[in-house]
Amino acid sequence: MSGDLDDRGWSCGGGGAVNLCRVASFVGDRDRRGNARKGPKSLAKGVDPSIRAEVWEFLLGCHALSSTAEYRQQLRMARRERYRELIEQCQMMHSSIGTGSLAYTIGSKVMDVRIMSKDSAKKQAKLGVERITQEAKSKLESSRGLQTNERVEVSYANGDGRPSSTDSPDFGSARENPDDAAMNSFHSMSSAGLDSGVSESEREDSGAIVSRQDSSDFPPLPVTNLFDKNENTGVEFSGYEAILPKEQAMGNIYHSSQTNGEKEDFLIEASMNRFENSGKYAALNIELAQENHVSSSKDTRNYKKEKFTLAKAMVQEQELGISGSEQQLETTDRMKMSDASDPSDTPLINPVVALGVDVNEDRVADWLWTLHRIVVDVVRTDRHLEFYGDAKNMARMSDILAVYAWVDPRTGYCQGMSDLLSPFIILFEDDADAFWCFESLLRRVRLNFQMEGPVGVMKQLETLGRILQLTDLQLFKHLALVGADSLLFAFRMLLVLFRRELSFNDALCMWEMMWAADFDEAMAWALENNCLEALVLRPPKALRRGSYIECDEGTPHSKSDKTDHHPIDNDAKSLSRSPFCGLGAGNFWPKHGRQQILTMSSLLKKSPDDELSVFCVAAILVLNRSKFIKEINSMDDAIKIFNDMQFEIKVKRCIQMAIKLRKKYVHK
Amino acid sequence: MMKYADEEPTEDYLFKIVLIGDSAVGKSNLLARYARNEFYPNSKSTIGVEFQTQTMEIDGKEIKAQIWDTAGQERFRAVTSAYYRGAVGALVVYDISRRQTFENITRWLDELHAYSDMSVVTVLVGNKADLKDAREVSTEEGTALAEAQNLCFVETSALDSTNVQLAFQTLVKEIYNVLSRKVFFYQEQRPDGKLSNGKTVILQEKDVDSAGAPTRKY
């Protein structure tokens, strides 16, 4: 808003090696309440942008201060792997995820969420179930490798100069290879996904508006044909199977393999699988490119060539990666096994359980509708930054929000979340890292975004009222007199943490200063226990040695009921009891300090509305009190003044004052 | 609530109007086009509520329209619906290139009636009319819905300004007409000290003050 021009220079930061001492000195000096004692002076410097990404990971509790570099690296790999799996899950539901393209075409001048032509959408809605089934089969049956290459080339050759209205049935026949099961699978991938946002068949049936009473949000796009209940139950099963990441099956194969020879086979298969995957991505990219770039066929061709080359390179890279690190695979495999039940152990093979998440058709439909909302907002989030002029970066944002909506269906996507995510995408090159940091932030503010409405903010506004009564009664009385004591004018500041009030740069400074002032490992631990089920990781093998027996006793964990959903394999019974999202008890807590800190935090009963952000709003009010008393003569005035930002926020002064107010408030 | 008559004696009327409809149908840009003749291709989603005021003249009387722009996502309605109260007019907006936004119109109308006075004058607006190739809702469908719901209807484009002024002006004029009749009726009834029929007289005295009925007359 105010400083848009300074924001232009932002590019994706690499994040050099972090100096742990600096980080520790930045966040480590805490008083008994867990607040940064060093206070404003050390905070005032902010974080050097070159290490910002890594400092943020500590500030937000992605990593424990006491963790070793090796541990963090392993954890990072584990998280990236998990993120990749989640991306694959989402990609099964909508083919655009993970391809660098948005799920919907966006007009150049005005936001315009288009969908595909009506005919194809209708057909696809009907065929959806069959296709997914087919895909699941073809995945298992089709031979891989060279075929993948062929496939890419075929679609590439056929794709030249097609009109944008190309519908999929057409597309399929153009390939002239009805026996190619793999091709069909790829075909179904794209179409089953793309018809998601559309309600054509429902629409034409009766014109009745589809409304869903169970959801507090507006009706989702009806995509229930995807898992039509009238079909036989086998279809449903196949549908779920299709959602399972391919590697899930691989993991099982590997697990049962005993000899080296078999292992080798697996590795080959794995790389083939990856290869096929990449081929699929490439093909999808080409398809998407066709839709996006139809105006000039020459350009289209070049674009596609580029994409194709890219995809090829990607395939090679992945092959190398696979055969290169067996160790990696083992870790990965183990991580996955914590989610997937061993079929031999389970009498009833239930893919829903195997996924470790509660998958049902409503959830898929909800997610697809959410994806639609996400894209609508992604294309208008921070578009003033050059960084988001690049569609690929918008797609990254869309992917991360889509994955988050998938793993946290209670929250899904809510407006404002894209504002919070945007800086992480710029700061982190890797989507998984950005995702995990974003998720850590959301753990603190999740209550603001859930279906029930911005409950968290409303509570914070109540707190704000109490703070003002205790710290600046005159100002509060004035606001009450003019009918502005609901303080709703501060809603936006609290919801998107000053992103709309400050320039991009200032908002980032504000955030890290607030987090540093609030830094409290005990709280991070409490949040760790609140980990989303789909994000529970198995700690990397090398790191969990010896550390877990300690953590099991006396560790609070809220999700004991959920343990049932996590199949426990033999050597991990003791491990899966406590959810692990990365901090990990053994590494996180100094052996003697843990109990002490936990006791302390339980005594303090730190409430979430006690966060510095609320005091920052109070500080802004107090710092501008004379202006506000003079100019706010009604709630409308207040809203106008805050919406139009008719005053200046100086970040450092605001933080200083906020810390001061908090001290005053706590003592009263 | 402060009486506007005390602060701004020059205005004859102040109308509170709300802009509602799904996310990204172009509510904020409609308002920007109307109030400032601007269009922001990079505009952000509205968090909470915002408003603009615009003055116009009808019958030689100065009318100030205070137009509230609300967040489109449903879960913010606990916050935004508070602003429906006292509204005398509403623009219910959909995007002609996204059918879903049109299908949700009836729910927005229900919402509006649940939180505001039944008499709220409503104009149905099909925005983004410039996106001819992407059109998913025909003008006829819009007209039909408006007729069924007894609303005014107009297709607009905040991008190329088509009908934006018309939409707002129609609404304000209609409010003015309705209000003039009501005030007349209200004054007629006043000597009795009670209103004959709660359904025909919809604005009550309290609302008249706060919601922008003729401040001059009291």
Side-chain angles (χ1 to χ4, degrees), chain A residues 1 105 107-115 118 197-200 203 209-211 216-219 221 369 372-373 376-377 379-384 413-416 418-419 449-455 457-458 482-483 486 488-489 491-492 495-496 500 633-637 639-640 643-644, chain B residues 1-4 6-7 16 22-26 28-29 39-53 66 68-69 71-80 82-83 95 97-108 127-128 130-131 133-136 141 157-160:
Chain A
M1 284 218 153
T105 312
S108 58
K109 281 185 180 170
V110 71
M111 228 288 316
D112 151 30
V113 182
R114 278 169 229 235
I115 48 166
K118 293 189 180 184
V198 200
S199 57
E200 300 295 340
R203 199 183 296 167
I209 291 167
V210 184
S211 72
S216 66
D217 263 307
F218 269 169
L221 294 177
W369 172 235
H372 181 92
R373 280 164 184 266
V376 161
D377 278 355
V379 297
R380 50 185 187 153
T381 301
D382 286 337
R383 282 301 290 276
H384 63 286
Y413 169 74
C414 178
Q415 289 189 327
S418 63
D419 287 87
F449 295 108
Q450 284 178 338
M451 298 291 180
E452 304 79 53
V455 180
V457 175
M458 301 318 274
V482 301
S486 68
L488 268 173
F489 53 83
F491 180 82
R492 191 175 68 184
L495 191 82
V496 294
R500 299 291 180 91
N633 291 309
S634 69
M635 184 64 177
D636 296 357
D637 292 341
I639 286 174
K640 196 82 189 150
N643 276 342
D644 300 352
Chain B
M1 189 71 79
M2 300 291 281
K3 284 197 177 181
Y4 294 104
D6 300 341
E7 306 155 29
K16 180 172 170 181
D22 277 8
S23 291
V25 293
S28 301
N29 265 323
F39 180 85
Y40 305 104
N42 293 342
S43 73
K44 300 177 177 191
S45 60
T46 305
I47 304 279
V49 291
E50 297 176 10
F51 74 88
Q52 298 284 338
T53 45
Q66 186 189 47
W68 290 81
D69 180 17
Q73 197 167 8
E74 166 126 352
R75 51 184 99 167
F76 286 126
R77 279 199 234 170
V79 181
T80 56
Y83 296 90
D95 173 355
S97 72
R98 280 190 293 153
R99 184 161 203 100
Q100 192 70 42
T101 64
F102 178 68
E103 290 178 348
N104 281 336
I105 286 291
T106 45
R107 300 198 46 168
W108 282 109
N127 192 32
K128 306 194 189 177
D130 54 286
L131 292 173
D133 297 339
R135 181 186 279 274
E136 284 187 1
E141 287 174 282
S157 165
L159 178 70
D160 63 21

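None of these values were measured; they are calculated from a predicted model.
If you tally non-hydrogen atom pairs under 4.5 Å between each of A/Met458, A/Lys640, A/Gln415 and chain B, the highest count goes to A/Gln415.
Heavy-atom distances place no part of A/Val457 under 4.5 Å from chain B, backbone and side chain included. Of the atoms belonging to B/Ser45, heavy atoms from both backbone and side chain fall under 4.5 Å from chain A. B/Tyr83 touches chain A through its side chain: at least one heavy atom from C-beta onward sits under 4.5 Å away, while N, CA, C and O do not.
Every side-chain contact (heavy atoms from CB on, under 4.5 Å) that B/Thr46 has, sequence neighbours left out, goes to B/Ser28, B/Glu50, B/Asp69.
No donor-acceptor pair closer than 3.5 Å links the side chain of B/Glu136 to the backbone N or O of B/Phe102. Listed for the A/Arg500 side chain is no donor-acceptor partner under 3.5 Å among the backbone atoms of B/Lys44.
In this pair, B/Phe51 and B/Trp68 present their aromatic rings tilted. The plane angle is within the 30 to 60° band.
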